[in-house]
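A short write-up of the structure that comes next.
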Number of protein chains: 2
Amino acid sequence: MESVDRKPSAETEALVREVLERVADKWTLLVIEELGGEAGPRDVRFTRLLERVGGISQKMLTKTLRQLERDGLVTRKVFPVVPPRVEYRLTPLGESLGAAVCGVWEWVERHKDEVRRHRGTYDAARS
Amino acid sequence: MESVDRKPSAETEALVREVLERVADKWTLLVIEELGGEAGPRDVRFTRLLERVGGISQKMLTKTLRQLERDGLVTRKVFPVVPPRVEYRLTPLGESLGAAVCGVWEWVERHKDEVRRHRGTYDAARS
DNA sequence: CCGGATCCTCGACGATACTG
DNA sequence: CAGTATCGTCGAGGATCCGG
């Protein structure tokens with residue numbers, strides 16, 4: 001029992017949880033995924049994100065992007081033209097997070113069938 | 001139906017998102033982290049989880065554990081004694097998810113200061 | 001000790017309308 | 001096109017009580 005009572009400092013713990021919750025909301029991962037692509041980060045227009053992240057509303061996309069910007073994970077470039085043109089891009093920091101998140105994404109893709117199978121037997125066992 | 005650019009099949013996309021949303025809720029990752037530790041999976045009692053995952057309510061812990069059980073990520077062992085004793089443990093599948101999640105956890109610990117700094121300047125710039 | 005049942009709050013989120 | 005503002009809904013989640 002060399003034990004496991006190694007909690008990091010309460011402050012670290014809090015921040016870790018905070019960032020984790022930020023990342024683990026309904027849309028953030030999907031937006032990061034969309035900005036990151038496999039070919040590295042790219043500039044993506046607001047409207048394109050709206051199309052590609054299926055089901056997201058304008059409001060939530062804006063909000064998600066603001067949070068990512070605040071945390072230094074994306075940059076926002078505004079072109080002074082009409083109609084307006086705004087492009088978003090992952091920063092190196094955001095890119096590195098995308099890489100870390102990628103592990104979870106891959107896990108899901110690799111194990112989704114197994115998960116579904118478990119759900120089936122679990123549900124069957126109590127109907 | 002016309003193809004969706006470079007996305008994987010719509011069906012796969014939907015499944016991935018479904019499992020992702022399950023995993024990316026407020027408590028799941030924290031509970032998995034707590035069950036996983038670095039020394040591999042362990043049996044943990046309900047009450048201990050309640051203490052270690054700070055801030056979680058009894059209700060949400062129960063719910064989270066049921067979902068994890070349903071997805072085949074944890075096992076639940078009930079000891080027929082009074083007072084009741086229930087232990088939870090990651091399955092190999094749950095363990096593998098824990099490993100993937102670990103990457104995100106490490107990213108947060110490594111970059112938390114940078115994130116905090118960004119937030120500071122962002123907030124300062126509009127106050 | 002574990003966890004189900006209930007009640008209640010509150011914020012996430014969507015829909016819509018409006019502006020530069 | 002890219003937001004902001006406003007309103008309404010809905011369910012996540014906390015608090016509490018109870019029962020095995």
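Below, read A as the first sequence line, B as the second, and so on, with proteins coming before strands; counting in each chain starts at 1.
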Discussion item. Less than 4.0 angstrom between a side-chain N/O of B:Arg66 and OP1 or OP2 of C:dG3, yes or no?
Written reply: yes
Practice prompt. Measure from NZ on B:Lys63 to P on C:dA5 and round the result to the nearest Å.
Written response: 14 Å
Fill in: Donor-acceptor contact present, side-chain A:Arg70 to main-chain A:Leu65, <3.5 Å
no
Item to complete: Provide, to the nearest angstrom, the distance between the CG atom belonging to B:Asp25 and the C1' atom belonging to D:dA12.
Response: 10 Å
Worksheet item: Any side-chain N or O of B:Tyr88 under 4.0 Å from OP1/OP2 of C:dC1?
Response: no
Item to complete: Mind calculating the distance between CG (B:Leu61) and C1' (C:dG4) to the nearest angstrom?
Response: 14 Å
Worksheet, complete the sentence: Taking every heavy atom of A:Val74 against every heavy atom of A:Tyr88, the minimum-distance pair comes out as CG2-CD2, 4.4 Å
Fill in: Candidates D:dC17, D:dA15, D:dG3 - which lies nearest the side chain of B:Lys59
D:dA15
Worksheet entry | Most 5' of A:Pro84 and A:Ser57 on DNA chain C, judged by nearest nucleotide | A:Ser57
Worksheet item: C:dG11 C1' sits how many Å from B:Lys26 NZ, rounded?
Response: 11 Å
Worksheet, complete the sentence: Looking only at C:dC13, C:dG3, D:dC1, the nucleotide nearest the A:Trp27 side chain is C:dC13
Worksheet item: Counting side-chain heavy atoms from C-beta on, which of C:dC13, D:dT4, D:dG13 comes nearest to B:Met60?
Response: D:dG13
Worksheet item: Which nucleotide in the set C:dC13, D:dC1, C:dG3 lies at the smallest distance from any side-chain heavy atom of A:Pro83?
Response: D:dC1
Item to complete: Ignoring the backbone of B:Gln58, work out which of D:dC17, C:dG14, D:dC1 is nearest its side chain.
Response: D:dC17
Discussion item. Could you check whether any side-chain N or O of B:Thr64 sits under 3.5 Å from a backbone N or O of B:Thr28, counting only pairs where one atom can act as donor and the other as acceptor?
Written reply: no
Fill in: Residue-phosphate contact under 4.0 Å: A:Arg76 side-chain N/O, D:dG3 OP1/OP2
yes
Discussion item. Both conditions, 6.0 Å and 45 degrees, for the charged tip of A:Arg126 above the ring of A:Tyr122: are they met here?
Written reply: yes
